[in-house]
Number of protein chains: 2
Amino acid sequence: MGGSVSSANSLSVEELGSAAQRDRRKRILDATIALASKGGFDAVQMRAVAEQADVALGTLYRYFPSKIHLLVSALGREFERAEAATRDKPIPGDTAHERVMFLLNRTTKGLQGDPHLTEALTRAFMFADASVQSEIHTVGMLLSTMLTRAMHPGKEDLTDDDVAIARVIGDVWLSALVGWVTGRTSAGDVTKQMDVAVRLLLRD
Amino acid sequence: MGGSVSSANSLSVEELGSAAQRDRRKRILDATIALASKGGFDAVQMRAVAEQADVALGTLYRYFPSKIHLLVSALGREFERAEAATRDKPIPGDTAHERVMFLLNRTTKGLQGDPHLTEALTRAFMFADASVQSEIHTVGMLLSTMLTRAMHPGKEDLTDDDVAIARVIGDVWLSALVGWVTGRTSAGDVTKQMDVAVRLLLRD
DNA sequence: GGACGAAGTGAAACGTGTTCCTATTATGGC
DNA sequence: GCCATAATAGGAACACGTTTCACTTCGTCC
């Protein structure tokens, strides 16, 4: 896991030439999600992923230079799906508080429906080091986009404070998620913590 | 790293009978800090810790059941030192905001003075799973104590909001730290993020 | 001082992430 | 179709966290 901050990035969909390659990449991520969903972080074993995706171990490493890259990329794909599914759909709620809580609750409930998957993805995200910067950045941008849209639907020029608040909410959400994943707090606590934080940050 | 939530805890100072045992424990934690300080998370290798602490590998595992337990315990000891060093010393500042920022800035600056050590301890803390609950809890309580004391020096009956705000600040601080450790944000950004969060949460 | 159990030692062995190497197969240009 | 090159397969090898085991040392009770 060491080494300098090299250019070893995960191969993104765009830079994959052939359809066969895009399909391999998809199979790998599908296998990752399936294994994570069944047994969490520890169950995502590189040999098992390769076998289930029907690629050689070397190929897996060619597409994703480490287990962490793999899992964070899988997280990114899930986030993209979630973001795409809710784009253009207005978020219900009369106030920023209500809309943000709606978004957080829906997402949190979704995650809690698959605890193992959530554990795997969250641990990977938290353990990632500098070499996973770009994959992490993708996820961070998506989260920030979803939150600011919930706060101010349709607003174009976001203030620094808008962005800062979204960031703080994202931070708290991640911490709460980590607490839940590691068995420190209950599912209800996550919602409660979020509600308190959002109430403090978005006084309508 | 798998397994059920067993009773495998780190041996705490209190339950260590002899002076020789307390000394072994101290040597182990000293070696851990030294190695972490020199090379970060990856450099804290169990064989190296055992050798430097002059104990057998099996003994190291008897005192700390995993590398994560070891590092989080080391973090706990450092936190205890920091907390003890500032207990009874009033924190300068006229407002809660000023005092909290003073505390955070001082601590952050201390951490940034030893990036490798900070990286090792932060990664361990974030990667910890349910089996490290009690060690994590120790750290969480210390952090919460320090923050609420900075917010309301001498106050006895803290409200739910006081505790919630401290928790949110702690969450944001951790996230910011993770961002810095993983090279996503600069040292200055950490301070800036904290200032924004504290300003939003503690409107004087 | 001897016996007994707990704690410590030393080393081998195992599991899984990661790297490396060689043979084989796709792919694209001529 | 044929060659050059890249991509993939298959699998051995390595590193480090963790486990295990046979043996030794330490502390305590008689």
Side-chain angles (χ1 to χ4, degrees), chain A residues 1-4 6 8-11 15-28 31-32 35-36 39-73 120 123-124 127-129 131-132, chain B residues 1-4 6 8-11 15-28 31-32 35-36 39-73 120 123-124 127-129 131-132:
Chain A
M1 196 89 72
S4 59
S6 69
N9 276 319
S10 310
L11 266 47
E15 59 203 356
L16 249 37
S18 74
Q21 285 178 318
R22 276 193 296 280
D23 190 58
R24 266 196 202 86
R25 188 189 141 94
K26 177 178 183 311
R27 288 205 310 274
I28 290 172
T32 302
L35 287 167
F41 187 88
D42 289 343
V44 180
Q45 302 188 358
M46 300 306 270
R47 291 172 179 84
V49 171
E51 185 176 2
Q52 181 150 340
D54 203 30
V55 298
L57 189 57
T59 305
L60 171 54
Y61 272 94
R62 194 165 152 57
Y63 280 68
F64 301 96
S66 81
K67 173 169 173 172
I68 300 293
H69 281 85
L70 173 60
L71 280 165
V72 176
S73 297
R123 306 262 308 278
F127 196 64
D129 68 359
S131 73
V132 202
Chain B
M1 198 91 69
S4 58
S6 69
N9 276 319
S10 311
L11 268 44
E15 58 203 357
L16 249 36
S18 74
Q21 286 178 318
R22 277 191 296 280
D23 190 59
R24 266 194 202 90
R25 189 188 141 95
K26 176 178 183 312
R27 288 205 310 274
I28 290 172
T32 301
L35 287 166
F41 187 87
D42 289 343
V44 181
Q45 303 189 356
M46 299 305 269
R47 291 174 178 85
V49 171
E51 185 177 3
Q52 181 150 341
D54 203 30
V55 299
L57 189 56
T59 304
L60 171 54
Y61 272 94
R62 167 186 275 287
Y63 279 69
F64 302 96
S66 80
K67 173 169 172 170
I68 300 293
H69 282 84
L70 173 60
L71 280 164
V72 177
S73 297
R123 306 263 306 277
F127 196 64
D129 68 0
S131 73
V132 203

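Predicted model, so just to flag it, every value in this text is computed and none were measured. To find a chain, count down the sequence lines: A is the first, B the second, and so on, and within it residues start at 1.
Considering only residues two or more places apart in sequence or on other chains, A:Arg47 meets the side chain to side chain donor-acceptor pair (under 3.5 Å) condition with none of them. The ring pair (Phe, Tyr, Trp, His ring centres under 6.0 Å) test applied to B:Phe41 returns A:Phe127, not counting sequence neighbours. Take A:Asp54 and apply the side chain to side chain donor-acceptor pair (under 3.5 Å) test, not counting sequence neighbours, and it matches no residue. By the salt bridge (Lys or Arg N to Asp or Glu O under 4.0 Å) test, A:Arg27 is found to be paired with A:Asp23, residues two or more places apart in sequence or in another chain being considered.
Residue B:Arg47 places no side-chain N or O under 4.0 Å from the OP1 or OP2 atom of D:dC16. Within the 4.0 Å cut-off from OP1 or OP2 of C:dG8, at least one side-chain nitrogen or oxygen of B:Tyr63 is found. Distances shorter than 4.0 Å separate none of the side-chain N or O atoms of A:Gln21 from OP1 or OP2 on C:dT27.
Of the possible donor and acceptor atoms, none in the side chain of A:Thr59 sits under 3.5 Å from a partner among the backbone N and O of A:Val55.
Closest to the side chain of B:Gln45, from the set C:dG17, D:dG17, D:dA7, is D:dG17.
Computed from coordinates, the B:Tyr61 OH to C:dC14 P distance equals 17 Å when rounded to whole Å. The nearest whole Å value for the distance from the CG atom in A:Leu35 to the P atom in C:dG17 is 11 Å. Per the geometry, CZ belonging to A:Arg62 stands 16 Å off P belonging to C:dC21, to the nearest Å. Separating the CD1 atom of B:Ile28 from the C1' atom of C:dT9 is a distance of 13 Å, rounded to the nearest angstrom. Whole-Å rounding puts the B:Asp42 CG to D:dC14 P distance at 21 Å. One atom, CE of A:Met46, and another, P of C:dT18, lie 6 Å apart when rounded to the nearest Å.
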Checklist outcome for this item: Expected string for nucleotides 23-30 of chain D under the B/S/- scheme (protein heavy atoms, under 4.0 Å, primed atoms plus P, OP1, OP2 as sugar-phosphate) is --------
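Within residues 52-60 of chain A, the residues that have a heavy atom under 4.0 Å from DNA chain C are, in order of number, A:Leu57.
As judged by a 4.0 angstrom heavy-atom cut-off over every strand, B:Val44 is placed among residues touching the sugar-phosphate backbone only.
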